[in-house]
Amino acid sequence: MLKQLFCLLLVFITFSSSAQQVATFYSPNKTIQLSTSKIPDGSLAYQVYLKGKEVISSSTVGFLLKKPALELKKFTVTGIDSSTVATTWKPIWGEVKEISNQYNELVLHTSSNGVLIDLIFRAFDDGVGVRYHFPVQANFQHFVVDQELTQFNMSGDHTAFWIPGDYETNEYTYNKSKLSEIDATAAAAKEKDIAVTALMGKNVVQTPLMMKSANGFYLNIHEAALVNYPAMHLRLDQATQTFQSALVPDAVGNKAYLQTPFSTPWRTMVMSEKAEKILESKLILNLNEPAKFGDSTWIKPQKFMGMWWEMHIGKANWPLAGGKHGANTANVKRYIDFAALHGFDGVLVEGWNQGWEDWFGNWKEEVFDFVSPYPDYAIDSLTQYAQAKGLRLIMHHETSGSVTNYERRMDTAYQYMVSKGINTVKTGYVGKIIPRGEHHDSQWMVNHYNRVAEKAAQYKLMVDSHESVHPTGLHRTYPNWMAAEAARGSEFNNAPTLGIVPEHTTILPFTRLMGGPMDYTPGLFHMSLNQFDSTRTQKVRSTLAKQLALYITIYSPLQMAADLPENYEGHLDAFQFIKDVAVDWDDTKVLSAEPGEYVTIARKAKNKDTWFIGSITDENARNVSLSLDFLDPGTAYEAMLYRDADDADFEKNPEAYVIEKKLVSKSSNLTYRLQRGGGCAVVLRKL
C-alpha cells in the first residue's frame, strides 16, 4: 500500500551496494527533512536535516526482546502510508490559549524476525517524533523488552547541558560540556545531598537533553506520552557521538512487559536555529493524547503558600516528637491568615499526619495512612477556617517510597480529602521504592504515577507530584496532573554541598520544563539561611528580583510563594508582584534566551490585558533591551519594574531591589540591568 501526498517523496531502490533510500519527507513548511534508508546489513535508519544542516546522522532503530528471545534489528519494509494533519486545540490551562498541531506523518509497515512493527515518524516545523507500534498479529501477543535500540547519532561534538543517568533521581545539578567530555560518574560523585541514587553508568545522561551545535542549531532530545513503559535515558558512545535509548529496568532487570497492540512513547527531537524557538515548541504536547475526561470545570490553576520552607531552614520540623512540630493548629492558622489577606488560593501543610518519626531510610512498608492527623493539628477546624477566608488547605501525601502502601490507601485517602473540602494533593516519593527493587523511573512506577492522576480525577482532585518521573506532556491527557518537581528544585538552596548555582534556572527551561510544568517553589526573600540556626552557611544564590522573575520563566499553573510570612512582611512592596502575577495565560513570547546564560519571557494573563515579563541571568551581569512590539497598538501601558538595585549581587547584596514605573507602548524599548545572579520582573498594565 502506498499513499503519496504533495509533501512526500517516496522512493524504493531495490539493489545498491550502499544504503537503500526508503522514503524522504518534509515538515509542513519544508524546514525539516527526514529520510529513511535500509542499510546493507538489513537495519533501518533515519536522518534528520534542519534547513539543509544534518542534525541527526544515520541512526538505526530496533529492539532486543527477552521473551520471546528475538532480535528486532533487521527489517523488511512491507508498505508505506503517509498523511498530513493541520488542526488547532485549546488547552484547559496553559501558556497559550490555542495550540497549532501541524505535521506530516510517515508510517513504515515492517517485519523483523516474523514480528510486525510499524515505525511512525512525524515531522513538525520545529522537530520530529518517532515511535514504534506493535499491531495485533497472529503469533505475537505478549513480549518482554530487554533493550530498545533507538539511536540518535549526533552530527558533531555538541555542547550539552546534562545530568547523570540515574534510575532513582533527576535532582542533580546540571553540567555543561562537550559530548566527548561527558563523565556522569565524576559528576555524580560531587553530589552528597540527594536522598536515593542509582547511577546508570559513566556515559549515560538523562532526558530532556539540551544541546547546541558549533554550526548554529539547538537540539533537544526527550520523549512524549510516557505510558506503560520505563523512562528513557541516553547512553553515549563517545567515539561515534551516538546516543542509544537506555531504559530503566525493573526489580529483575527487565525493561517492559507488553501486549499487542502497543505503541511506545514518542522519541522527540526539537530543533531550531534559535534558542527561543526551542522554548516555544509545543511538539511534545501535540504528541500526547487529548484529555481523558470531559468535565474540567473543577481544574483550577492556583497560587498557594506553604507551611514547608520553615522545616528546611531549621525553624520547625515534620515530626511531632522533638518539640518543633510546624504543622500545629496555631501555626497553620497564621499561614491561612497571611495567605487570605493577600488573596492566595491555598495553603500547603507538610507534617500534618502521623508517621514522620519513622518515615525515611528503613525501607519500611507501613508508614503513613494519609488520614490520621497529629493530635495538635485540628484538621476539621482548620479546613473550615480556611474556607471561611476564601481558600483551601492543600493535602500532602508523602509515601516515603512505599508505593504499595499508597496504592492500597488511595481511595480512602482521596475520600478523606473530599470529605474535608480539600481538592489538591502534593505527592512525594522520597526513599527507596516498595515494591522492593523497583525504581522511581521503571515501568511499574510510571504506571503508578499515571494511576494516581486517573484516580485523583475520579475524585476531582488536582495533583502536584514530587520525586516523580520526568514529565512528558501528559498534562494534556491528565490536566489534573498540573505540576511535578522531577528536577533540582528550590529546596536545594538549603543543600550544604552544591546547592543551586545561578545558571541552574537558566538551564531548566531548556531541559526539565520541556516535558511540562515544574513546581520549583520560587519566591524566597531571605537569602542567608542561618535565620533560625546560626551554624548554617547555606545561602540562596539569587537576588530577590530574580526570585520574582522565576514566576514567569519557570512555568507552572500551581505556583507557590515559598518563603515565610515574616520574611514577606519586610518586603510587602516586592511581594505585590507575587500577589499580582497570573498562573494561567493566553499568550507567551520568549523574547531572548540562551541555555545556561539568560532567559526573558513575556506572558499575557488569561482573559486580561495585562502582560508580565521575567528576565533572569546566570552569575554574569548583563544589560537587557526589549522590544515591546507584542503590545496592542495605539495604547499606553504602565510598566512596573521590580529590578535589581544597582548594587545588588547574589553573593554580596542579594536582597537589594528597586521598584519603578515607566510609561510604555508598542513602539517602546524597555531597558534594565540584571546584576550577577539577578533578575527583573515587569508588570505591563494597559491604561
Side-chain angles (χ1 to χ4, degrees), residues 5-11 19 21-37 44-61 82 84-86 100-106 119-131 150-162 178-179 207-224 234 236 240-243 245 266-287 509-511 514-515 590 592-596:
L5 299 174
F6 72 92
C7 57
L8 304 182
L9 171 64
L10 304 174
V11 181
Q21 186 178 13
V22 176
T24 295
F25 77 123
Y26 299 85
S27 66
N29 70 359
K30 296 186 170 56
T31 299
I32 291 174
Q33 173 189 332
L34 189 146
S35 298
T36 57
S37 58
L44 267 176
Y46 71 97
Q47 290 173 278
V48 183
Y49 299 85
L50 171 67
K51 294 184 178 179
K53 296 177 184 176
E54 187 179 52
V55 177
I56 305 292
S57 302
S58 181
S59 301
T60 56
V61 295
S82 61
T84 188
V85 168
S100 173
N101 184 22
Q102 298 187 46
Y103 61 85
N104 293 324
E105 181 175 274
L106 175 72
L119 292 168
I120 306 173
F121 300 89
R122 288 184 182 173
F124 300 79
D125 291 337
D126 56 357
V128 170
V130 181
R131 85 181 329 175
T150 309
Q151 288 185 347
F152 307 87
N153 188 358
M154 298 298 98
S155 59
D157 191 10
H158 305 326
T159 298
F161 300 84
W162 57 274
K178 295 290 188 181
L179 296 177
T207 70
L209 174 66
M210 186 66 202
M211 288 169 283
K212 180 181 180 180
S213 76
N215 64 337
F217 66 81
Y218 298 83
L219 171 64
N220 182 280
I221 298 179
H222 191 34
E223 58 182 330
L234 299 171
L236 176 64
T240 63
Q241 295 165 349
T242 300
F243 288 105
S245 55
W266 292 93
R267 280 60 190 99
T268 64
M269 291 152 273
V270 178
M271 57 194 71
S272 176
E273 292 179 320
K274 294 183 178 180
E276 293 84 0
K277 295 301 181 183
I278 300 292
L279 301 189
E280 289 181 349
S281 173
K282 297 295 181 286
L283 180 150
I284 289 172
L285 263 183
N286 279 326
L287 288 171
F510 291 95
T511 51
M514 292 295 293
V590 182
S592 64
E594 183 65 31

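Please read all numbers here as calculations on a predicted model, not as lab measurements.
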Counting only N and O atoms by type, is there a donor-acceptor contact under 3.5 Å from the side chain of [X] to the main-chain atoms of [Y]?
X      : Y      : answer
Lys282 : Glu280 : yes
Thr60  : Leu44  : no
Ser59  : Ala45  : no

Identify the heavy atoms of [X] and [Y] that sit nearest to each other, and give their distance.
X      : Y      : result
Ile32  : Met271 : CD1-CG, 3.8 Å
Ser272 : Lys277 : OG-CB, 3.2 Å
Ala275 : Pro595 : CB-CD, 4.2 Å
Asn220 : Phe510 : ND2-O, 2.8 Å
Phe25  : Asn104 : CE1-O, 3.1 Å
Leu106 : Ala23  : CD2-CB, 3.8 Å

TODO: Check the pair Val590, Lys274 against side chain to side chain contact (heavy atoms under 4.5 Å, CB included), reporting the backbone distance first and the verdict last.
DONE: CA-CA 11 Å; Val590 182; Lys274 294 183 178 180; over 6 Å; no
Task: salt bridge (charged side-chain N to carboxylate O under 4.0 Å, His left out) pairs, two or more places apart, involving residues 150-159 - done: none
Task: Candidate pair Gln151 and Thr240, rule side chain to side chain contact (heavy atoms under 4.5 Å, CB included), full reasoning - done: CA-CA 11 Å; Gln151 288 185 347; Thr240 63; over 6 Å; no
4.5 Å side-chain heavy-atom contact, [X] and [Y]:
X      : Y      : answer
Phe152 : Thr242 : no
Val128 : Thr268 : no
Met211 : Ile221 : yes
Lys53  : Glu273 : yes
Arg131 : Phe121 : no
Glu105 : Val85  : no
Leu34  : Tyr49  : no
Met154 : Ile56  : yes

Once you round to the nearest 0.5 Å, how far does [atom1] of [X] lie from [atom2] of [Y]?
X      : Y      : atom1 : atom2 : result
Met514 : Leu209 : CE    : CG    : 11.0 Å
Leu119 : Tyr46  : CG    : OH    : 11.0 Å
Ser213 : Leu50  : OG    : CG    : 9.0 Å
Thr84  : Gln102 : OG1   : CD    : 8.0 Å
Arg267 : Thr150 : CZ    : OG1   : 6.0 Å

- [ ] Determine whether more than 12 heavy atoms belonging to other residues, nucleotides or ligands lie under 6.0 Å from atom NZ of Lys178.
- [x] yes
Open item on the list: side chain to side chain contact (heavy atoms under 4.5 Å, CB included), that's the test. Do Leu219 and Met269 meet it? Break it down for me.
Closed with: CA-CA 7 Å; Leu219 171 64; Met269 291 152 273; 4.1 Å; yes
- [ ] Please find out if less than 6.0 Å separates the ring center of Tyr218 from that of His158.
- [x]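 When the ring centroids of Tyr218 and His158 are compared, they turn out to be at least 6.0 Å apart.
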Task: Ring geometry between Tyr103 and Phe124 (parallel below 30°, tilted from 30 to 60°, perpendicular above 60°) - done: tilted
- [ ] Please determine, by modelled atom types, if Ser281 and Asp126 share a side-chain donor-acceptor pair under 3.5 angstrom.
- [x] yes
Open item on the list: Thr31 vs Asp125, test: side chain to side chain donor-acceptor pair (under 3.5 Å). Steps then yes/no.
Closed with: CA-CA 6 Å; Thr31 299; Asp125 291 337; 5.2 Å; no
Task: side chain to side chain contact (heavy atoms under 4.5 Å, CB included) assessment of Leu179 paired with Phe243 - done: CA-CA 10 Å; Leu179 296 177; Phe243 288 105; 3.7 Å; yes
